[in-house]
Colleague: 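This is the structure I want to talk about, given as structure tokens.
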2 protein chains.
Amino acid sequence: MKKQVEDKKAALLEAALKLFTERGFHGTSTAQISKEAGVATGTLFNYFPTKEDLINALYFDVKEKLSRSMGKDVQAQKTYKEKLRKMWYNLVEWGIENQDQFLFVGQFCSSPYITSHTREVVMEEYVFFHDLAMEGLANGELGDYPPEMITSMFYQSSRTIVDYILYSEPQDKNKAIEDGFQVVWQGVSKK
Amino acid sequence: MKKQVEDKKAALLEAALKLFTERGFHGTSTAQISKEAGVATGTLFNYFPTKEDLINALYFDVKEKLSRSMGKDVQAQKTYKEKLRKMWYNLVEWGIENQDQFLFVGQFCSSPYITSHTREVVMEEYVFFHDLAMEGLANGELGDYPPEMITSMFYQSSRTIVDYILYSEPQDKNKAIEDGFQVVWQGVSKK
DNA sequence: TCTGGTATTGACTATTTAGTCATTTTCATT
DNA sequence: AATGAAAATGACTAAATAGTCAATACCAGA
């Protein structure tokens, strides 16, 4: 029973992910989401009292997965540059392998349907990222820029490279990923 | 008469800009837009046959303004680095001074309501940008990266810095703008 | 097999929506 | 002042919407 519950909830989130990205928030009806998920219209509202709750839960879900992928094996790297490189590859590879989630985040990160509460909760998942920037500033590996600026530039650049790879389809994706890292590292590291 | 026509059209675009950014595309009714613009509901459809036509016209309008600001006085600069710096300042300052348009573009650039036709037409306004990257590659000022990658990184970084300035509100905005340029220039220039 | 509580269903509704169109207003020209 | 064509109006409609709720299905434990 518990299993089935999770199944339906996951199916609803998956359906919502696909449809919201394809057709937008108000462009997708709750009926369409239920149908795509293979459940009754009422079932959606058992799990998510309102449509807004649904998209906020979905946003949190996706951002959490992203944050987990992002941090994987980073602390195991020897040098600071290797830590950043690991994180870069985690980010870009996740984006390529999870296109739908990647596009969803891009489309809804500044959307009015995501509440400031959701944004705050999501933020907490990313403190380790901020800490890593602080570490680089403290040990002199990074140029003397505000940490929020560094993290933003790093994260947004990874999105830019994923977009570039998905849209321009370069022959050598790995080259593109490494090129991207070189640009960012040259940009933020201390000369 | 001609004057008034343009007034109403402009009022509709302005109202749509504000409301779409605040409440999303389907979250904003055509009635709300008409009301905000101070015209009758029918008038909107005289100028824009459908709601989609309206948002596409608006998107084109804003992107065109951005492209014009972006290129201003760039060719008058002496060195290549100065050309890029001029463009960087044009971009970031436009974003700060035109927050509403800046946010609108960010929110709708990858939205399903913007047709691929609109995207293509908008693209044409930005060939000079691509050409500038080619120029930098040809004269050895830029690192050996694909030009599309360079333009994307440059443009998206400018967006990141505007976001950073609007959201983090650093004491010294000009320092932040110049810092941003340093990061990007270090990133894409040849070492 | 029976019990009782939980999960699921889908018909239903009150509201909202994009777009229409017959009518009225505006105003340059005569 | 008279004309007429273009612009503006807003009441209207057919369709779609988020969310409800009474009825049903399910299933673990006794």
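Within every chain, numbering begins at 1; the chains are lettered A, B, ... in the order of the sequence lines, protein sequences first and strands thereafter.
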Colleague: Do A:Lys8's NZ or CZ and the ring of A:Tyr47 fall within the cation-pi criteria of under 6.0 Å and 45°?
Modeller: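 Verdict for A:Tyr47: no cation-pi partner in A:Lys8.
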
Colleague: Is there a side chain to side chain donor-acceptor pair (under 3.5 Å) between A:Asp53 and A:Thr50? Walk through the geometry before answering.
Modeller: CA-CA 5 Å; A:Asp53 287 330; A:Thr50 71; 3.3 Å; yes

Colleague: Should the pair A:Arg85-A:Glu82 be classified as a salt bridge under the 4.0 Å nitrogen-to-oxygen rule?
Modeller: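 Salt bridge: yes.
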
Colleague: Please give, in whole Å, the distance from C:dT6 P to A:Lys9 NZ?
Modeller: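 One finds 17 Å between P of C:dT6 and NZ of A:Lys9, rounded.
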
Colleague: For the pair made of NZ in B:Lys8 and P in C:dT25, what is the distance, rounded to whole Å?
Modeller: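 Atom-to-atom, B:Lys8 to C:dT25, this comes out as 15 Å.
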
Colleague: Using whole Å, report how far CG of A:Asp53 lies from C1' of D:dA18.
Modeller: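 Going from CG in A:Asp53 over to C1' in D:dA18 covers 13 Å.
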
Colleague: Please report, rounded to the nearest Å, how far the P atom of D:dG19 is from the CG atom of A:Leu54.
Modeller: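 Distance, rounded to whole Å: 10 Å.
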
Colleague: How many whole angstroms separate atom CZ of B:Phe48 from atom P of D:dA7?
Modeller: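 Interatomic distance, CZ of B:Phe48 to P of D:dA7: 14 Å.
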
Colleague: Distance from A:Glu36 atom CD to A:Lys18 atom NZ, nearest 0.5 Å?
Modeller: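 If I round to the nearest 0.5 Å, the distance is 3.5 Å.
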
Colleague: Within the 3.5 Å criterion, strictly below it, is a donor on B:Thr118 or B:Thr115 matched to an acceptor on the partner's side chain?
Modeller: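 The answer is yes; a qualifying pair exists.
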
Colleague: Measure the distance from NZ on A:Lys35 to P on D:dA16 and round it to the nearest whole Å.
Modeller: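 About 13 Å, once rounded to whole Å.
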
Colleague: Take A:Asn46 and B:Asn46, find for each the nucleotide of DNA chain D with the closest heavy atom, and name the residue whose nucleotide sits nearer the 5' end.
Modeller: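 Looking at DNA chain D, the more 5' nearest nucleotide goes with B:Asn46.
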
Colleague: Please identify each residue that fulfils side chain to side chain donor-acceptor pair (under 3.5 Å) with B:Ser29, with sequence neighbours left out.
Modeller: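 With sequence neighbours excluded, B:Ser29 shows a side chain to side chain donor-acceptor pair (under 3.5 Å) to B:Gln32, given in chain and number order.
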
Colleague: For the pair A:Gln186 and A:Gln182, evaluate side chain to side chain donor-acceptor pair (under 3.5 Å) and give the outcome as yes or no after the intermediate values.
Modeller: CA-CA 6 Å; A:Gln186 285 300 319; A:Gln182 288 305 322; 4.5 Å; no

Colleague: Classify the ring geometry between A:Trp88 and A:Phe181 as parallel (under 30°), tilted (30 to 60°) or perpendicular (over 60°).
Modeller: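 Ring orientation of A:Trp88 relative to A:Phe181: tilted.
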
Colleague: Give the rounded distance in Å between these two atoms: CZ of B:Phe25 and C1' of C:dT17.
Modeller: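 So the two atoms are 12 Å apart, to the nearest Å.
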
Colleague: How long is the line joining NZ of B:Lys51 and P of C:dA18, in whole Å?
Modeller: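 The distance from NZ of B:Lys51 to P of C:dA18 comes to 4 Å, rounded to the nearest Å.
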
Colleague: Is B:Lys63 positioned over the aromatic face of B:Tyr126, cation under 6.0 angstrom from the ring centre and no more than 45 degrees off axis?
Modeller: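 Pair B:Lys63/B:Tyr126 counts as cation-pi.
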
Colleague: Below 3.5 Å is the cut-off: list the nitrogen or oxygen pairs between protein and nucleotides 10-14 of chain C, distance only.
Modeller:
unit_1	atom_1	unit_2	atom_2	d
C:dG10	N7	A:Thr41	OG1	3.3
C:dG10	N7	A:Gly42	N	3.3
C:dA11	N6	A:Thr41	OG1	3.2

Colleague: Over the length of the helix from C:dT1-D:dA30 to C:dT30-D:dA1, how much do the five-pair end axes diverge, rounded to 10 degrees?
Modeller: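 So the angle between the two local helix axes works out to 10°.
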
Colleague: Checking all strands, does A:Ser34 fall into the base, sugar-phosphate, or nothing category for heavy-atom contacts under 4.0 angstrom?
Modeller: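 Nothing, no nucleic acid heavy atom in range.
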
Colleague: Just N and O in the side chain of B:Tyr47: are any of them under 4.0 Å from OP1 or OP2 of D:dA8?
Modeller: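 B:Tyr47 to D:dA8 OP1/OP2: side-chain N or O found under 4.0 Å.
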
